[in-house]
Amino acid sequence: MRKGGHKLLGLAALASLMLIGGTWAAWTQEITAGNEFMPGTYETSLDEKFTPPTDWSPGTEQEKRVRISNKGTVPVMAKAVITQSWIRREDVYATRLNASGDVVQEPVAPFKGEAFPLTFQTDEGEEYASIPNFNKNAVVLLDSGKTVDSSLSLGLSVVSTVDAARGKWLLLNEVPDAKGQYTLYYMGIIEPGSSTPEFLESVTLNRKLGRTITGKETRFIKMEDGSTKKVTIDSVNAEFGYDSAKYTMDIKGSTVQATKAAVEEIFGTGNETLAYLAGQVAERGIFESAEVKTLKFEESNGRMVYVPYRNEEGAETGNWFMSFTDMVPGGIYKDKLSIENASKKKYRLYAQVVPREQDTVKAELLDLITMKVYYQGALIYDGKATGASLITEEGLNRVVPLGTYASGDKGVIEVELSLDPTLKLGDGKSEKYAGVLTKVDWKFMVTEVKSPDGGGSDNPGKPDHNTVVTIPDSPVPAGDLTVIEDGPVPLALIPKTGDTTPLIPMIATVIGSGIALLYLAERLRRKKED
């Protein structure tokens with residue numbers, strides 16, 4: 001009987017221990033910081049004031065005012081290409097004498113569908129058939145592109161360096177190229193809600209333009225039999241005859257987000273102007289949060305505090321850890337979290353990325369954002385903003401250790417984000433991501449560390465760097481990190497909690513266990529007496 005009684009007492013004591021550990025073993029504290037990301041909306045337009053004339057006669061000036069506007073939420077840079085053409089709409093026939101002396105009707109070049117030259121020769125030199133009137137207050141000409149033919153001069157101010165064109169439109173060449181094109185770059189950044197100055201004001205038809213057939217000419221030709229024949233043929237204006245022709249001025253505006261990488265990718269780097277735009281005008285593409293957030297252990301009770309992004313009712317208030325809402329492809333976004341232990345206690349800190357349940361498009365967008373996390377300058381994570389590589393095969397989120405903090409210790413977490421540079425907003429394929437707000441949470445967890453002598457660390461003021469684990473993108477060895485499961489937490493994974501252990505339930509359990517032991521002892525005593 002005595003032997004069986006001892007077994008019963010042992011089971012009761014074990015049950016009591018399991019009840020305490022299994023119920024109350026947990027993190028000392030947990031706190032969540034929200035993060036939000038949103039690509040900017042990319043919307044630009046080529047705005048013009050122009051009414052096509054019904055009867056545009058030589059020497060007449062036609063108003064055509066053009067500028068580029070930014071109606072999106074991200075800064076952009078702009079390029080404009082003006083293409084001109086004169087195309088014969090139908091053949092123009094002239095009465096002529098052929099080689100045999102016969103009067104015939106022949107078309108005059110250029111023929112239907114063919115192009116006229118943009119310039120023609122006059123007694124005063126080469127002149128434009130149509131003269132673009134650039135805004136002389138907003139457009140300047142690069143000295144290297146100035147024409148030597150004064151009759152083709154556009155009357156623009158000339159700058160010898162690209163830098164002198166800052167804040168204006170820069171025309172690269174005064175004479176159209178082989179494609180009949182003028183190329184201009186706006187040497188500045190177009191902020192959201194603003195527009196460039198007008199670079200074109202009007203177009204004037206050259207007053208010397210006339211009809212192809214200018215009149216009739218009478219000639220007398222000698223026939224083979226010796227007689228004379230009177231014929232009438234057409235006088236042809238081969239130089240100035242632009243009738244039955246359609247003049248077209250096509251203006252194409254190109255815009256790109258105002259970052260160095262984007263300008264180099266879209267506009268190129270082939271000349272001095274482009275190199276200046278990318279290197280001196282465009283933004284670096286690195287955007288840092290102005291405010292450094294703080295995760296702090298309070299002095300009085302060691303409570304972990306972060307400015308909450310939720311109010312008492314649980315509604316999100318916008319005080320996020322990382323908040324970037326006008327992200328551009330290829331841009332790099334940085335934020336910092338300062339950690340400070342102002343208490344007398346010693347803590348071990350952990351972090352966990354916790355993706356939210358949200359719409360498919362938002363989840364897809366989050367997967368297009370890469371994230372690097374540095375702790376005390378050392379890279380500890382390089383992967384997706386979802387923390388996908390921290391997910392175990394069982395679907396559990398791994399926990400990243402962030403060091404041990406004794407009283408007075410400080411540390412810094414730096415996060416670097418980048419939106420996929422191949423995502424070109426405005427290309428018609430990625431519009432679904434523009435203006436989409438996606439979110440992900442970071443959970444911070446701590447355990448209090450009890451030292452044998454009750455003091456702090458052996459090296460005050462410096463976090464325990466030995467607790468930092470470098471996490472490759474994939475795979476992550478499960479043995480390197482603590483895994484937090486959804487169910488009861490095994491004691492082997494989480495250190496025993498500190499002063500926050502609930503005393504009343506412990507006392508109740510101990511008393512309950514004592515009563516159970518007394519009851520068993522009393523039964524044993526009675527059995528022994530019997």
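Since the model is a prediction, treat every value here as computed from it, not as a measurement.
Closest approach of V412 to Q376, counting heavy atoms only: N-OE1, 2.7 Å. Pairing each heavy atom of L170 with each of M187, the nearest pair is CB-CG, 3.9 Å. Residues M327 and Y333 share a closest heavy-atom pair of CA-OH, 3.0 Å. Nearest heavy-atom pair, V74 versus Y42, reported as atom, atom and distance to 0.1 Å: CG2-CD1, 4.0 Å. When all heavy atoms of A165 and V159 are compared, the closest pair comes out as CB-CG2, 4.5 Å.
For the atom pair CD (E48) and CG (L200), the distance works out to 9.0 Å, reported to the nearest 0.5 Å. Here the straight-line distance linking atom NZ of K64 with atom CD of E198 works out to 12.0 Å at 0.5 Å rounding. One distance of note links OG1 of T269 with CG of N271; it measures 8.5 Å at 0.5 Å rounding.
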Exercise for the section: Go through the steps for V400 and Y381 under the test side-chain contact (heavy atoms from CB on, under 4.5 Å), then give the verdict. Expected result: CA-CA 9 Å; V400 182; Y381 176 74; over 6 Å; no
Exercise for the section: Verify side-chain contact (heavy atoms from CB on, under 4.5 Å) between L419 and L365, making sure each step is shown before the conclusion. Expected result: CA-CA 9 Å; L419 182 60; L365 175 58; 4.1 Å; yes
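In this structure a side-chain-to-backbone donor-acceptor pair under 3.5 Å is present from D420 to T422.
Side chains of D47 and S69: a donor-acceptor N/O pair is present below 3.5 angstrom, by distance only. A donor and an acceptor atom, one from each side chain of T161 and D163, are nowhere located under 3.5 Å apart. Between R67 and Y186, the side chains place no donor N or O within less than 3.5 Å of an acceptor N or O (distance only, hydrogens not considered). Side chain to side chain, T294 and S338 fail the donor-acceptor criterion of an N or O pair below 3.5 Å.
In this structure, the side-chain contact (heavy atoms from CB on, under 4.5 Å) partners of T325, at least two apart in sequence or on a different chain, are E36, M38, S323, L437. For Y309, the ring-ring contact (aromatic ring centres under 6.0 Å, His included) partners are W320, not counting sequence neighbours. Annotation: side-chain hydrogen bond (donor to acceptor under 3.5 Å, both in side chains) contacts of K362 (sequence neighbours excluded): none. Checked against salt bridge (Lys or Arg N to Asp or Glu O under 4.0 Å), D326 has no partners two or more places apart in sequence or in another chain. Partners of T370 under the side-chain hydrogen bond (donor to acceptor under 3.5 Å, both in side chains) rule, at least two apart in sequence or in another chain, do not exist in this structure.
Residues N70 and E191 have side chains not in contact (no heavy-atom distance under 4.5 Å, counting atoms from C-beta outward). Side chains of E316 and K439 form a contact here, defined as non-hydrogen atoms less than 4.5 Å apart. Within the 4.5 Å cutoff, the side chain of I82 has heavy atoms near those of the L184 side chain. Side-chain contact between Y306 and L337: present, with at least one pair of heavy atoms (C-beta onward) separated by less than 4.5 Å. A 4.5 Å side-chain heavy-atom check between L402 and F444 finds at least one atom pair inside the cut-off. The side-chain heavy atoms of V449 and Y405, taken from C-beta on, include no pair separated by under 4.5 Å. Using a 4.5 Å heavy-atom threshold, the side chains of T83 and K252 count as separate. K334 is not listed as a side-chain neighbour of E414, based on a closest heavy-atom distance of 4.5 Å or more.
Taking the six-membered ring wherever Trp is involved, the centroid distance between the rings of F134 and Y182 falls below 6.0 Å.
Atom NZ of K372 has 12 or fewer heavy atoms from other residues, nucleotides or ligands within 6.0 Å.
Of the candidates N135, L171, V66, V66 is the only one forming a side-chain contact (heavy atoms from CB on, under 4.5 Å) with F199.
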Without placing hydrogens or testing angles, list every side-chain donor-acceptor pair under 3.5 Å for residues 295-302, not counting sequence neighbours.
from	atom 1	to	atom 2	distance (Å)
N301	OD1	R303	N	2.9

